[in-house]
Amino acid sequence: MKIKLEDVSKTFQTFRAVRGVSLEIESGEMVALLGPSGSGKTTILRMIAGLEYPDGGHILFGDTDATRIPVRERGVGFVFQNYALFPHMTVAENIGFGMKVSKTKRSKAEIASRVNELLGLMRLDGLGNRFPSQISGGQRQRVALARALAVDPTVLLLDEPFGALDANVRRDLRRWLREIHEELGITSLFVTHDQEEALDLADRVVILNEGNIVQQGTPEEVSRAPNSRFVTTFLGDTNRIPASVHDGSAVVGEIRLPAPNATNGAAEILARPRDLDWQSQGPGIAARVLRVIDRPDGRRLVVSTDAEAHLELDVAPEVVASVGATGFVTIRRGQVFNI
Amino acid sequence: MARRVLPGLPLALGFTLLYLALIVLLPLGALVFKAASLGPEDYWRIISSPRAVASYRVTVFCAAVATAFNLVFGLALAWVLTRYRFPGRRLLDALVDLPFALPTAVAGISLTALFGQNGWFGGALAPFGIKVAYTQLGIMIAMAFTSLPFIVRTVQPVLEDLDPSIEEAAQSLGGSDWTIMRKVILPLLTPALLAGISLSFARCLGEFGAIIFIAGNQPMRTEITALLAFIRLEEYDLPAAAAIASVMLIAAFVMLAVTNAMQARALRYTRRD
């Protein structure tokens with residue numbers, strides 16, 4: 001089902017959590033709402049679910065105005081951050097709850113067979129009689145998902161779905177959720193503060209800050225062409241290098257970068273650690289190595305420039321550098337923004 | 001024996017055991033010993049005398065009604081105190097403890113004054129033919145008054161800790177308010193409710209001070225077991241008093257065992273195996 005938000009806003013007491021957000025989610029799409037805490041992403045998700053009512057604007061499900069429809073009639077599947085499983089019910093009872101309380105009557109056998117089907121789909125076979133306290137975090141997450149899917153929701157909403165899990169379990173579940181999404185084709189929207197999760201999982205990423213959408217697009221679009229300093233720094237580790245722009249290029253010492261969209265004057269080059277190189281000879285920004293951090297996939301250098309600014313570079317493991325060594329930083333690519 | 005990290009176990013354990021033995025177990029032992037000094041026939045004659053049996057009936061029936069009333073009212077009170085924010089909430093919260101703080105004799109005297117023939121409530125109820133003072137209804141009211149805080153205070157913390165997202169999840173799955181109350185909230189409150197019920201019921205069985213003023217204490221009709229034991233004591237018939245008291249003791253143990261078993265059943269979902 002297609003979902004449309006028109007100029008939706010929400011204020012809690014004096015805090016303006018969401019400020020006039022308009023957004024369209026196509027049927028069958030998987031969209032990430034990405035932003036730091038307090039950016040309004042969870043509030044937007046809860047308003048789509050009907051767990052909060054907006055102060056202004058409209059929420060449309062297909063062609064119906066769902067703004068005032070209460071959550072129990074909205075037909076959404078909601079996966080809570082802490083899963084919110086019913087602790088006194090078994091896994092099977094949790095999954096069957098929505099079908100049991102639904103207005104459309106189903107026979108016990110119908111419910112049982114659907115529960116079994118979902119247990120299989122979620123790779124939870126054999127766990128139906130356990131209580132939530134007796135299974136692992138990753139299993140609980142899948143029970144929460146199965147419970148939400150059991151009522152055939154028109155849209156699936158997930159609030160920080162992997163927040164409470166170990167890094168390894170998180171990556172597995174992420175890939176698996178993507179597979180489930182492709183299998184079921186259900187419109188899905190999830191909230192996360194983890195940019196890697198958003199880029200890994202979503203068809204489209206909506207980046208929020210202070211209650212506004214700052215950029216939206218495919219993972220490629222937001223990664224390659226971030227439209228602001230906020231988006232660039234939020235999406236990953238960023239070095240900020242002061243520069244000046246002259247006639248379409250940014251200049252730092254002897255380094256020139258194309259900057260077609262910047263106006264003449266003071267600017268900043270934002271570059272990822274991987275976009276910087278370390279050379280023993282000039283030209284480049286003269287710097288001294290402060291720390292060397294070795295990692296399985298390379299080595300990170302923390303260097304200090306003559307202007308006492310710290311830069312971080314990801315270089316190949318073969319690059320020779322030791323603490324105290326001097327050399328030159330060159331910039332392979334970067335985003336230029338006027339200050 | 002493995003060395004423990006936390007110090008003081010022998011001293012703390014010894015002290016608590018000694019205290020428990022002197023203050024709790026010794027008097028109970030003396031009671032049983034006194035009652036046992038009667039022969040089995042005498043014992044049975046005393047505890048099964050019509051007057052004693054009538055007192056059990058009055059006590060248990062009134063305690064059950066008072067506890068049932070407190071179950072409903074106490075749950076509602078705990079619900080209001082945890083779910084809503086309103087002016088005077090903290091005052092109401094403090095008032096709940098009043099029956100604990102008040103000497104029970106004071107409660108008994110004020111209830112009698114209130115419900116007596118010329119009291120505010122008694123006078124207002126008289127035209128409808130409802131008599132409270134010197135009837136079992138009076139006993140129930142006195143019992144309900146003194147045991148009210150138990151249900152509230154056992155349910156309140158559980159209700160406060162209840163994750164709101166559990167209710168939201170039930171709502172998002174299409175559950176009506178009534179369904180959510182019945183299938184989600186009440187089952188989660190059951191262990192706390194059981195604990196509250198058993199405490200409240202035990203207090204009702206043992207209540208003395210608040211009841212004797214309002215009950216009228218007519219043998220066979222409004223005489224509670226605790227009073228009967230007291231009367232025997234006043235007649236210097238110590239073994240008979242002990243025999244009647246031992247019945248109350250047994251009743252208390254049976255009730256504890258039953259509620260514990262029910263609680264364990266209600267909490268079986270927390271077992272990790």
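Labels below follow one simple rule: chain letters A, B, ... track the order of the sequence lines, proteins then strands, and each chain is numbered from 1.
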| query | Which answer fits B:Ala266, side chain, backbone, both or neither, if we ask what part of it has an atom under 4.5 Å from a heavy atom of chain A? | reply | neither
| field | Closest non-hydrogen atom pair between A:Asn82 and B:Ser165, with its separation | value | OD1-OG, 3.4 Å
| request: Among the options A:Thr90, A:Leu51, A:Leu157, pick out the one with the most heavy-atom pairs lying under 4.5 Å from chain B. | output: A:Leu51
| request: Return the minimal non-hydrogen interatomic distance between B:Ser172 and A:Phe78, and the atom names on each side. | output: OG-CB, 4.1 Å
| message | Would you say that B:Glu168 contacts A:Phe80 through its side chain, given a criterion of any heavy-atom pair below 4.5 Å between the two side chains? | response | yes
| said: With a 4.5 angstrom heavy-atom cut-off, is it the side chain or the backbone of A:Arg147 that approaches chain B, or both, or neither? | reply: both
| said: Tell me whether B:Phe253 at atom CZ has more than 12 heavy atoms from other residues, nucleotides or ligands lying less than 6.0 Å away. | reply: no
| task | Report, by ascending residue number, the residues of residues 174-185 of chain B in heavy-atom contact with chain A at a distance under 4.5 Å; give 'none' if the set is empty. | result | B:Gly174, B:Gly175, B:Ser176, B:Asp177, B:Thr179, B:Ile180, B:Lys183, B:Val184
| task | Determine which residues belonging to residues 21-41 of chain A lie within contact range of chain B, meaning some heavy atom pair is under 4.5 Å apart, and list them by number or answer 'none'. | result | none
| A:Lys100 versus chain B, heavy atoms under 4.5 Å apart: side chain, backbone, both or neither? | side chain
| A:Met89 portion near chain B, given a 4.5 angstrom heavy-atom threshold | side chain
| For B:Phe61, does the CZ atom have more than 12 heavy-atom neighbours from other residues, nucleotides or ligands under 6.0 Å away? | no
| said: Report which part of A:Leu85 has an atom under 4.5 Å of a heavy atom belonging to chain B: side chain, backbone, both, or neither. | reply: backbone
| field | Side chain to side chain, B:Ile166 and A:Pro87, heavy atoms closer than 4.5 Å | value | yes
